[in-house]
Novice: 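This is the structure, below, for whatever I ask next.
Note that ligands are numbered from 1 as they come in the structure, with each ligand's atoms numbered from 1 the same way.
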Amino acid sequence: MISLNNILEKGYKEKNLSKDEIIALLNSDGKALCEYADRTRKEFLGDEVHLRGLIEFSNICKCSCKYCGLRSANTNADRYRLEPDEILKYVKQGVELGYKTVVLQSGEDAYYDIDKLCHIVREIKKSDVALTLSIGEKTKEEYKALKEAGADRYLLRIETTDKELYQKMHPNMSYENRVECLYNIKELGYETGSGCLVGLPEQSVESLADDILFFKKLDADMIGIGPFIPHPDTPLNSELNPENFDMALKVMAAVRLLMPDINIPATTAMETINPNGRIIALQSGANVVMPNILDTEYKVKYEIYPNKICLNEHSGKCRNCIEAKIKSIGRYVSQTKGFHKSSK
Ligand code: 5AD
Ligand code: FES
């Protein structure tokens, strides 16, 4: 049996591991894994941290993902959608706060047809910012139109590569279609982001290893990993399992070890279940943070999971707070747009 240390050395040198070797890393306590991930991050990307200003512009969603508080079946959710002008107002605030990237995220809300979305994209791209979209599954033609309008990046988490679990978690959705969307996004020249949830009911360590191998095969530019946090108004309304944090951190660190130069956020979900979660993540392979730039009235309503951080903080306060935290660990906020610098 090859020792943990040998697996880490092999992963560090070759940027490739077998499924069994990844499983061994995920079954370890994670300490050495996180150290290797931090070392890899420093070597390939230095101490720069990229900030992305997040605008969650609609919480209306046609999907009914079992874990998500915004699922269409949740009648307790207080729904909102921002008109294009309001979205652009927040983008302006983000630019003024110094964000070099804005991320537009929403539920799958058909109100924003492709013409509306392309208009918003074109308006945003009049400013000197990179633009990431995180608005779900679209047709290839729609992805193409948004790319031509100027969008730079697209986030679409696969959520889990365990097909059976995927089908259970996502009623009326298709795993194959999700994979196809990701390959379409990639083919169209977007910087492509994916990721998974960690700690879903019945999710195995084996399937998390498969998730990591999937990200590598996709050759993703960005990977976001978050712990599953149960929402009381969903079918998965169990107690929070605090171990989801440790496993999410290990999955993230293993992604860094094997994908040394990609962008990896310290996710908000990590900080939601651990008061120092984003800093721990930044010290375990992450190099990106995505603070919210909306006002409280909307942040409160974008309740994917409960107890989200910074609900009452003004966007300017979060911008300063996160910069101070980043500096406190000897890192600094990047002044660039933070595109994926491939070392291949
Ligand atoms: N806990 C943690 N993350 C969640 N997401 C959705 N619901 C939850 C939850 N209950 C994540 C999904 C989605 C992203 C926007 O939020 O991975 O892709
Ligand atoms: Fe919002 Fe610290 S990031 S208050």
Novice: To which protein heavy atom is atom 1 (N) of ligand 1 closest, and what is the distance rounded to 0.1 Å?
Specialist: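 Checking every protein heavy atom, the shortest distance to atom 1 (N) of ligand 1 gives Ile229 N, 2.9 Å.
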Novice: Residues two or more places apart in sequence or in another chain: which of them pass side-chain contact (heavy atoms from CB on, under 4.5 Å) with Lys301?
Specialist: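 Lys301 satisfies side-chain contact (heavy atoms from CB on, under 4.5 Å) with Asn59, Asp78, Tyr80 once adjacent residues are dropped.
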Novice: Taking atom types as modelled, is there a side-chain donor on Asp210 or Thr161 under 3.5 Å from an acceptor on the other?
Specialist: no
Novice: Give a yes-or-no answer on whether the side chains of Asn287 and Arg331 include a donor-acceptor pair shorter than 3.5 Å.
Specialist: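 The answer is no; no qualifying pair exists.
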Novice: Does ligand 2 have an atom that lies less than 4.0 angstrom from a heavy atom of His314?
Specialist: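 Judged by the 4.0 Å heavy-atom criterion, His314 does not count as contacting ligand 2.
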Novice: For ligand 1, which atoms have a heavy atom of Tyr67 less than 4.0 angstrom away?
Specialist: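 Once the distances to Tyr67 are compared, the set is 6 (C), 7 (N), 8 (C), 9 (C), 10 (N).
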Novice: Quick one: nearest non-hydrogen protein atom to atom 3 (N) of ligand 1, plus distance?
Specialist: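 Nearest protein contact, heavy atoms only, for atom 3 (N) of ligand 1 is Leu197 CD2, 3.2 Å.
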Novice: When you check the space around atom 1 (Fe) of ligand 2, which protein N, O or S atoms turn up under 2.8 Å?
Specialist: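 Listed by chain and number, the atoms are Cys310 SG, Cys318 SG.
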Novice: Are a donor atom and an acceptor atom from the side chains of Asp162 and Gln203 found within less than 3.5 Å of each other?
Specialist: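 There is no such pair between these side chains.
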Novice: Can a donor-acceptor pair be found, under 3.5 Å and without considering hydrogens, that links the side chain of Gln105 to the backbone of Leu133?
Specialist: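 Here the side-chain-to-backbone pair does not exist.
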Novice: Supply the atom-to-atom distance Ile262 CD1 to Lys341 NZ, rounded to the nearest 0.5 angstrom.
Specialist: 14.0 Å
Novice: So, for Tyr305 and Tyr67, is the gap between ring centers shorter than 6.0 Å?
Specialist: no
Novice: Is the closest heavy-atom distance from Glu159 to ligand 1 below 4.0 Å?
Specialist: yes
Novice: Considering only residues two or more places apart or on different chains, which pairs with a residue in residues 89-110 satisfy ring pair (Phe, Tyr, Trp, His ring centres under 6.0 Å)?
Specialist: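 Applying ring pair (Phe, Tyr, Trp, His ring centres under 6.0 Å) to every pair that reaches into residues 89-110, excluding sequence neighbours, yields nothing.
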Novice: Should one rank Gly226, Pro227, Gly107, Ala269 by closest heavy-atom distance to atom 2 (C) of ligand 1, which comes out on top?
Specialist: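 Selected option, by shortest heavy-atom distance: Pro227.
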Novice: Only counting residues at least two apart or in another chain, list the ones meeting side-chain contact (heavy atoms from CB on, under 4.5 Å) with Thr132.
Specialist: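 If we apply the side-chain contact (heavy atoms from CB on, under 4.5 Å) test to Thr132, skipping adjacent residues, the hits are Thr101, Val103, Arg153, Leu155.
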Novice: Identify the protein heavy atom lying closest to atom 14 (C) of ligand 1, giving its residue, its atom name and the separation to 0.1 Å.
Specialist: Arg157 NH1, 4.0 Å
Novice: Taking only Lys NZ, Arg NE, NH1 and NH2, and the carboxylate oxygens of Asp or Glu, determine whether Lys308 and Glu56 approach each other closer than 4.0 Å.
Specialist: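 Salt bridge: yes.
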Novice: What residue and atom, counting heavy atoms only, is the protein's closest point to atom 3 (S) of ligand 2, and at what distance?
Specialist: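 So the nearest neighbour among protein heavy atoms is Arg278 NH2, 3.3 Å.
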Novice: Identify the protein heavy atom lying closest to atom 8 (C) of ligand 1, giving its residue, its atom name and the separation to 0.1 Å.
Specialist: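 I find the closest protein heavy atom is Ile304 CG2, 3.3 Å.
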Novice: Go through ligand 1 atom by atom and flag the ones less than 4.0 Å from a non-hydrogen atom of Cys68.
Specialist: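 Numbered from 1, ligand 1 contributes 7 (N).
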Novice: With no hydrogens and no angle check, just 3.5 Å: does a side-chain donor-acceptor pair link Asn263 and Asp221?
Specialist: no
